[in-house]
Amino acid sequence: MKTPTSGYQRPASLTDAAMHYCAGCGHSSVHKLLAEVLDELEIRERTVGVAPVGCAVFAYFYFKCDISEAAHGRAAAVATGIKRALPDRIVFSYQGDGDLAAIGLTETVHAANRGEPITVIFINNTVYGMTGGQMAPTTLAGQITATSPTGRNPATMGCPIRMCELLNTLEQPYYIERVALDGHGGMVATKKALLTAFQTQVSGKGYSFVEVLSPCPTHFRCSPQDSLKFVGQKMAAQFPVRIFRKEGVPVHA
Amino acid sequence: MKKPEAAFFSRVLMMGNEAAAEGAIRAGCQCYFGYPITPQNELTAYMAKHMPERGRVFIQAESEVAAISMVFGASVAGARAMTSSSSPGISLKQEGISYMAGCQLPAVIINVQRGGPGLGSIDPSQGDYFQATKGGGHGDYHIIVLAPASAQEMHDMTMQAFILADQYRIPVMILADGRVGQMMEPVRLYEDSPPPAPPKPWALTGAKGRPPQYIRSLFMEERALEKHNYELQACYRQITATEIKAEETETGDCEWLIAAWGTCARISKGVVQKARAQGIKAGLVRPITLWPFPHERLARLARRSQVKALLVVEMNCGQMLEDVRLAVNGAAPVRFSGYPGGRVPTETDVLNALIELTKTNHHGKVEQPAV
Amino acid sequence: MHERILIAGSGGQGVISIGKLLARLAAETIQHITFFPAYGAEVRGGTSNCQVILSSNEIAAPIAEKFDSLLVMNQQSTDHFMPLLDKNGLAVINQSMCKAHADDRHVLVPATEIADRLGNAKAANFVMLGVWLARKPLIPNRTVENAMATHFPDAPPALIDINIRAFRAGLDFSSSGDRKA
Ligand SMILES: Cc1ncc(C[n+]2csc(CCOP(=O)(O)OP(=O)(O)O)c2C)c(N)n1
Ligand code: SF4
């Protein structure tokens, strides 16, 4: 994937550590974009991040800002604690779909419902990457994973949870957007969404949530190129790419 | 080489995690609830494939808290139910385990331990001994804890766990580790029909033709909880009287007694052979039930006049060590050789610790901290 | 008989596959077996290895410290594991991917090149297995060939065919003497 800026420069908010992600993994791209946003808003030094348990568990090696670990799924609660203790700091959580939408759904919903003025970055890759490609709450109907060996059957395993839509039923969130990391255009859109989310927090407006449809070539079991297609076509068909909440007001499709 | 018996040919090469899963299926487990975590993922995946094939229940829960609560529900309904996880997930299950102990509900929980505390590592560990044997959750309770050391035992003990759970209406934990879970070995599968479950008149199946009943752990009436606790303790006493299991190797004339469980017991068995080849009269006692713990057996062995000292070997900083000390009660010195942080000791590590022990003076009852 | 084997290489070279195959086939005739794949970090990538112990006696410690056989497929594993070779042990080294000095305990075989010539470089693991089994005939060659299709039910027939030919090329490599290719 190309970076939107011509002439690649490593963002100052990224460390020199080589990332451990597989080739073509969406985590690496989102890390870069997130770091660029921290640079552009000049907030690196007053930002505290919360890393998930998932493939991004080592995020604290990659960002040059403070980052805390959280138990699996508890990132939004940990971020709440940090933000309440330090209201003038910029606090974000960065979470996968298992972490955010399965084990941490309660924490996710309640942080959003309280309107915690934090930024939640949600990497939706339809699988549990780190533990070997098991079914996630976002796994598509019929999708084969290690724990849905004959494909996800909605009758017994439920349908993919649309987190943006779900959170959009709450009163408190200020900004909710879904983007798809499906190529160059997706990179630009993702960067813009992250920028808006952090601006929301910087200007003290409230809770912001960005869902990134993201490739996991390892568990999609295809090439990085084909996984971009999977994101842009299959995933985007299930998870509409758009803004759901702007300035505290639901945006209708 | 001996001519192999007929049963030899019915063996299948299986990973410990899968052998346990197959053991549960053959024990008549009707409901399984899991949540992915390494190094037990193969167990959950095996159940995902084979439970629905047999028309049984498999759910990947949204968390371990949810998974153990689903087990609770299935058990309330009278079903044979199981969950599995590894250390961080087992911590989350403690709430449900305490409630099941309080409600006297049978269930099987498999812990394929990894390093801790916290996220720790995914390497094998025996760091959850305290958690498993001394309570784990809140309240005054015990669960039965079995410690397998091979793929075959993962199979057999899972089977056994369902029988014990039903018999005593108690949660039973298989305390394995990443090594036993990931290792493949030939396994002779249980071929009979599932051991019959005792009648469960307490199960909540609908009050058709009988007065309604309930299952609870909340006792607010005067002294009711005290009475309930005594009932639980009576059950624990009965289990302690009948279910303790330990294995001995070369203990007849042994002067240096190793005490170890699970993977460490297996490594120590090799050490006993090596030590004997060097003229060191070593022996091994291996608790198979960690709760109830074979205190009496250890006391008896330690009191034998030729026993000079004990060496406790664990992949932690000294947990079963405390039970061994309690049992031995000063009858012989107890030393420790520990391997925390996900390290699996080699035979050489343990042999060296043993040789070191034979060279020290044992008049004082000394204990060394973890290496 | 007590044979301690370690197979190592990079992820994707199929070291776990042939380790499992070996263990599974050995289970048909050998009483005691343990197979242990290094399950590494939860994060992906890096090297891969597995241990197989075959024995006519009960395997007490399922963890070997020295090995009677090493099958190493890349440089990193060669550097890392060669010191664990028993003094009477045998190492089969994939010369296509690693440098190692010649020694009478070492068999250098250009496994990746041989497999590549047969049509798929990924079959190098079967070349390695063939070379090793020719030296240590612990299971019959025919058993291995017959198992190729049943053991890998998802593999397309063309790939199975290449695997079998790679395995035979390994056997031939050994029988034609140590060509220090
Ligand atoms: C309490 C607990 N349960 C299970 C695990 C094992 N575990 C580690 S990461 C993970 C899921 C990761 O999936 P996801 O959140 O989708 O992130 P991805 O790896 O795809 O980025 C699980 C279940 C754990 N660490 N802790
Ligand atoms: S497994 Fe998937 S999510 Fe994890 S690093 Fe690899 S590509 Fe990324």
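Only a predicted model underlies this, so the values are computations on that prediction, with no experimental measurement involved. Quick note on labels: first sequence line is chain A, next is B, and so on, each numbered from 1.
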**Study point:** Best-contacting candidate, C:Ile59, C:Val52, C:Thr34, against chain B by heavy atom pairs under 4.5 angstrom
**Key:** C:Thr34
Exercise for review: For each of B:Gly270, B:Pro186, B:Ala151, tally heavy-atom pairs with chain C at distances under 4.5 Å, and name the one with the top tally.
Suggested key: B:Pro186
Practice item. Look at C:Pro62, C:Ala23, C:Ala64 and state which one has the largest set of heavy-atom pairs under 4.5 Å with chain B. Key: C:Pro62
Exercise for review: Only one of C:Lys66, C:Lys136, C:Arg135 passes salt bridge (Lys or Arg N to Asp or Glu O under 4.0 Å) with C:Glu3; say which it is.
Suggested key: C:Lys136
**Study point:** Heavy-atom closest pair, residues C:Cys98 and C:Thr78
**Key:** SG-OG1, 3.3 Å
**Study point:** Interface residue of largest heavy-atom contact number with chain C, from B:Gln182, B:Arg179, B:Met15, under 4.5 Å
**Key:** B:Arg179
Review point. What heavy-atom pair brings B:Asp349 and B:Pro345 nearest, and what distance separates the two atoms?
Key: OD2-CA, 3.5 Å
**Study point:** Residue that, paired with C:Asp68, satisfies salt bridge (Lys or Arg N to Asp or Glu O under 4.0 Å) out of C:Arg4, C:Arg105, C:Lys87
**Key:** C:Arg4
Review point. Between C:Ile53 and chain B, which part of the residue has a heavy atom less than 4.5 Å away: side chain, backbone, both or neither?
Key: neither
Check your understanding: Given a strict heavy-atom distance threshold of 4.5 Å, which part of B:Val344 is in contact with chain C: side chain, backbone, both, or neither?
Key -> side chain
Check your understanding: Does B:Glu153 come within less than 4.0 Å of B:Arg188, counting only side-chain N to carboxylate O?
Key -> no
